[in-house]
Amino acid sequence: MAAMAAALRGLGGRFRWRTPAVAGGVRGAAQGAVGQWDYDLLVIGGGSGGLACAKEAAQLGRKVAVVDYVEPSPRGTRWGLGGTCVNVGCIPKKLMHQAALLGGLIRDAPHYGWEVAQPVPHDWRKMAEAVQNHVKSLNWGHRVQLHDRKVKYFNVKAGFVDEHTVRGVAKGGKEILLSADHIVIATGGRPRYPAHIEGALEYGITSDDIFWLKESPGKTLVVGASYVALECAGFLTGIGLDTTVMMRSIPLRGFDQQMSSLVTEHMASHGTRFLRGCTPSQVRRLPDGQLQVTWEDHTTGKEGTGTFNTVLWAVGRVPDTRSLNLEKAGVDTSPSTQKILVDSREATSVPHIYAIGDVVEGRPELTPTAVMAGRLLAQRLFGGSSDLMDYDKVPTTVFTPLEYGCVGLSEEEAVARHGQERVEVYHAHYKPLEFTVPGRDASQCYVKMVCLREPPQLVLGLHFLGPNAGEVTQGFALGIKCGASYVQVMQTVGIHPTCSEEVVKLRISKRSGLDPTVTGC
């Protein structure tokens with residue numbers, strides 16, 4: 001603890017270690033000294049959104065502190081500063097996805113003249129070490145950035161004492177009391193464990209653990225059909241592991257369901273097994289160390305069993321709010337989700353307490369939206385800005401083996417909002433040039449644009465399934481955000497020969513099956 005205190009002093013932090021016995025007195029003092037807070041801004045949570053908000057406020061000359069603490073997963077996995085994205089989300093996921101893509105390219109290489117002996121084995125330990133080292137470098141980078149901007153960082157578990165005061169508890173049990181004029185909650189979420197399933201907690205892991213495994217997970221059962229489930233199953237299959245996905249209902253709920261079906265079709269055709277309409281009922285460890293999973297098949301009504309080395313739960317996420325003592329500050333949450341309720345300014349039920357990112361009800365659980373929301377909030381609080389975060393037409397990509405990028409409305413959402421007769425969908429299957437020489441199957445490579453039927457046919461949504469979908473979708477997102485019409489997209493010159501060129505070649509109407517450029521259509 002002395003070392004921690006010294007480190008904090010080294011970062012220029014002004015803090016007060018307290019014991020529970022004097023906490024009440026400090027609380028009274030803080031309340032009685034309106035405007036005499038320790039900080040202008042206190043951010044609870046050191047993830048992407050919280051750090052962006054803190055750094056922006058510090059750049060604007062304000063006195064800022066960040067408190068962050070990672071509760072170890074049930075398997076004991078912990079990590080450093082940076083939140084879910086850096087440590088157990090976007091970054092390690094994309095790197096392991098890249099490892100899987102490289103495996104496919106190695107298999108293509110002989111067709112392009114590279115004499116590569118097949119098969120090429122994959123070393124999980126080497127990949128994991130490289131990924132983990134990169135993540136650790138990002139952890140350190142965030143510490144340095146906070147120091148450079150004179151943001152005080154406290155590695156403590158935070159909980160409200162009152163609406164202006166937070167108590168932080170360090171690893172050794174010592175306490176620190178911090179007060180601030182403005183407080184931002186940016187604690188994100190954690191994976192949900194299906195506690196009602198026998199053995200789930202004892203023997204399963206989640207995305208909090210998979211990226212920090214030192215040894216290969218081996219034969220893996222992924223339970224769930226979310227993007228987390230499919231992305232993890234995709235890269236596990238891609239690096240050569242026997243992988244099964246157990247789905248209770250539909251894949252990628254909330255996404256366009258035609259695209260979602262194509263995603264799982266591609267995964268199935270490339271080695272991922274799917275147990276559809278099934279839910280697990282028990283996980284138990286066998287004498288040889290393997291995990292035996294029992295499940296119910298709701299289609300046949302029969303019970304099934306299988307053995308695996310690893311069971312990965314990807315059945316949703318819950319907001320990390322339980323230890324915050326939100327009731328002591330008067331912050332309202334949703335009764336059903338426990339997420340924090342905010343208005344368009346990110347303000348909670350307490351005007352000077354704000355919340356951003358995954359911890360907020362009704363917000364997309366995406367790193368870039370949290371980052372932008374955090375920056376804009378700091379600019380409104382301290383920079384004289386009035387700009388609000390716009391959560392409409394936010395692009396995203398699911399990094400499955402065949403990537404799925406989208407922006408705007410799904411076909412189902414467009415029809416529900418505008419009616420079937422007012423919606424036109426232009427679509428096409430295509431074959432990436434890179435697939436031709438090695439003879440890769442391109443039957444799931446597909447793009448569609450959802451538009452209003454009446455001229456000028458405003459683009460409501462774009463959905464792209466194929467290589468580099470994130471790059472393609474990002475490029476078109478600006479135009480769609482700015483209100484592009486179908487005609488304008490068709491007048492855009494494509495870059496040849498690329499996959500993104502396929503978007504500006506969409507001429508076939510899903511409704512009629514005809515090319516709308518033909519006279520009379």
Side-chain angles (χ1 to χ4, degrees), residues 70-80 82 84-104 106-107 118-139 190-191 193-194 197 199-224 228-246 267 270-273 275 280 282-293 305-315 399-401:
V70 178
E71 192 73 50
S73 74
R75 292 294 294 268
T77 306
R78 61 166 66 243
W79 52 86
T84 295
C85 174
V86 166
N87 295 282
V88 289
C90 317
I91 300 301
K93 176 270 303 290
K94 181 72 182 292
L95 292 174
M96 291 190 178
H97 170 63
Q98 176 65 14
L101 293 182
L102 286 172
I106 290 170
R107 289 188 290 276
Q118 304 283 348
V120 178
H122 179 266
D123 187 334
W124 174 279
R125 180 185 287 270
K126 193 168 185 178
M127 174 193 70
E129 183 180 3
V131 170
Q132 291 159 14
N133 284 341
H134 177 67
V135 168
K136 290 173 184 175
S137 75
L138 297 178
N139 298 150
R190 298 293 291 267
Y193 268 89
I197 297 174
L201 194 62
E202 294 88 343
Y203 305 122
I205 67 171
T206 68
S207 56
D208 276 359
D209 308 293
I210 185 72
F211 305 110
W212 292 91
L213 295 179
K214 301 299 183 186
E215 303 294 337
S216 170
K219 183 181 179 183
T220 303
L221 173 67
V222 179
V223 183
V228 175
L230 298 187
E231 287 176 339
C232 289
F235 72 68
L236 291 174
T237 301
I239 61 176
L241 299 180
D242 186 334
T243 308
T244 300
V245 175
M246 183 180 292
M267 291 178 66
H270 286 75
T272 303
R273 295 185 178 89
L275 292 170
Q282 183 191 61
V283 181
R284 68 186 188 94
R285 189 181 295 281
L286 300 175
D288 63 359
Q290 291 194 87
L291 301 177
Q292 183 183 71
V293 180
T305 61
T307 56
F308 304 89
N309 300 115
T310 300
V311 175
L312 173 66
W313 302 111
V315 292
F399 290 99
T400 38

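Hydrogens, waters and symmetry mates play no part in the numbers below; they use all other heavy atoms, side chains included.
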(request) Report the C-alpha separation of T307 and L291 in whole Å, then their side-chain angles, then the decisive distance to 0.1 Å, and conclude whether the side chain to side chain contact (heavy atoms under 4.5 Å, CB included) test is met. (result) CA-CA 5 Å; T307 56; L291 301 177; over 6 Å; no
(request) Mind running side chain to side chain donor-acceptor pair (under 3.5 Å) on T272 and T243 for me, showing each step along the way? (result) CA-CA 6 Å; T272 303; T243 308; 5.9 Å; no
(request) Kindly determine whether H134 and L95 satisfy side chain to side chain contact (heavy atoms under 4.5 Å, CB included), including the steps that lead there. (result) CA-CA 10 Å; H134 177 67; L95 292 174; 3.9 Å; yes
(request) Could you check D208 against T77 for side chain to side chain donor-acceptor pair (under 3.5 Å), going step by step and ending with a plain yes or no? (result) CA-CA 7 Å; D208 276 359; T77 306; over 6 Å; no
(request) For the pair D209 and S73, evaluate side chain to side chain contact (heavy atoms under 4.5 Å, CB included) and give the outcome as yes or no after the intermediate values. (result) CA-CA 7 Å; D209 308 293; S73 74; 2.6 Å; yes
(request) Would you please test W124 and L213 for side chain to side chain contact (heavy atoms under 4.5 Å, CB included) and show each step? (result) CA-CA 9 Å; W124 174 279; L213 295 179; 4.1 Å; yes
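A distance of 5.0 Å separates CD1 in I210 from CG in L236, rounded to the nearest 0.5 Å. Taking NE2 of H122 as the start and CD1 of I106 as the end, the distance is 9.0 Å to the nearest 0.5 Å. Note: K93 NZ to C232 SG = 8.0 Å, rounded to the nearest 0.5 Å. For the atom pair CD1 of I91 and OG1 of T84, the computed distance is 12.0 Å after rounding to the nearest 0.5 Å. Note that SG of C90 is 8.5 Å distant from CD of E231, once rounded to the nearest 0.5 Å.
Considering only heavy atoms from C-beta on, T220 stays 4.5 Å or farther from V311 through its side chain. Contact annotation: the side chain of T244 never approaches that of V222 to less than 4.5 Å [non-hydrogen atoms, C-beta and beyond]. For the pair E71/R190, a side-chain contact is recorded, criterion being any heavy-atom separation below 4.5 Å from C-beta on. Residues V293 and F308 form a side-chain contact, since some pair of their non-hydrogen atoms from C-beta on lies under 4.5 Å apart. Side-chain contact between M246 and L221 is present, with at least one heavy-atom pair separated by less than 4.5 Å. Side-chain atoms of R273 and D242, non-hydrogen and from C-beta on, do get closer than 4.5 Å to each other. Looking at E129 and N133, their side chains come closer than 4.5 Å, going by heavy atoms from C-beta outward. Contact annotation: the side chain of V223 never approaches that of L312 to less than 4.5 Å [non-hydrogen atoms, C-beta and beyond].
Environment of CD in Q282: crowded, with over 12 heavy atoms of neighbouring residues, nucleotides or ligands closer than 6.0 Å.
For the pair R75 and Y193, the tightest heavy-atom approach, listed with the atom from each and the gap, is CG-OH, 4.4 Å. Taking each heavy atom of W212 and N87 in turn, the nearest pair found is NE1-O, 3.0 Å. Heavy atoms only, all atoms of each residue included: P401 and M267 are closest at CD-CG, 4.0 Å. Across all their heavy atoms, T310 and P217 have their closest contact at OG1-O, 2.7 Å. The two residues V245 and A233 have their closest heavy-atom pair at CG2-CB, 3.4 Å. Counting all heavy atoms, side chain and backbone alike, V70 lies closest to R78 at O-NH1, 3.7 Å.
Not a single donor-acceptor pair under 3.5 Å links the side chain of Q292 to the backbone N or O of V283. Not a single donor-acceptor pair under 3.5 Å links the side chain of W313 to the backbone N or O of P194.
For H97 and F399, the ring centers are positioned less than 6.0 Å apart.
There is a side-chain donor-acceptor pair under 3.5 Å between K214 and Q132.
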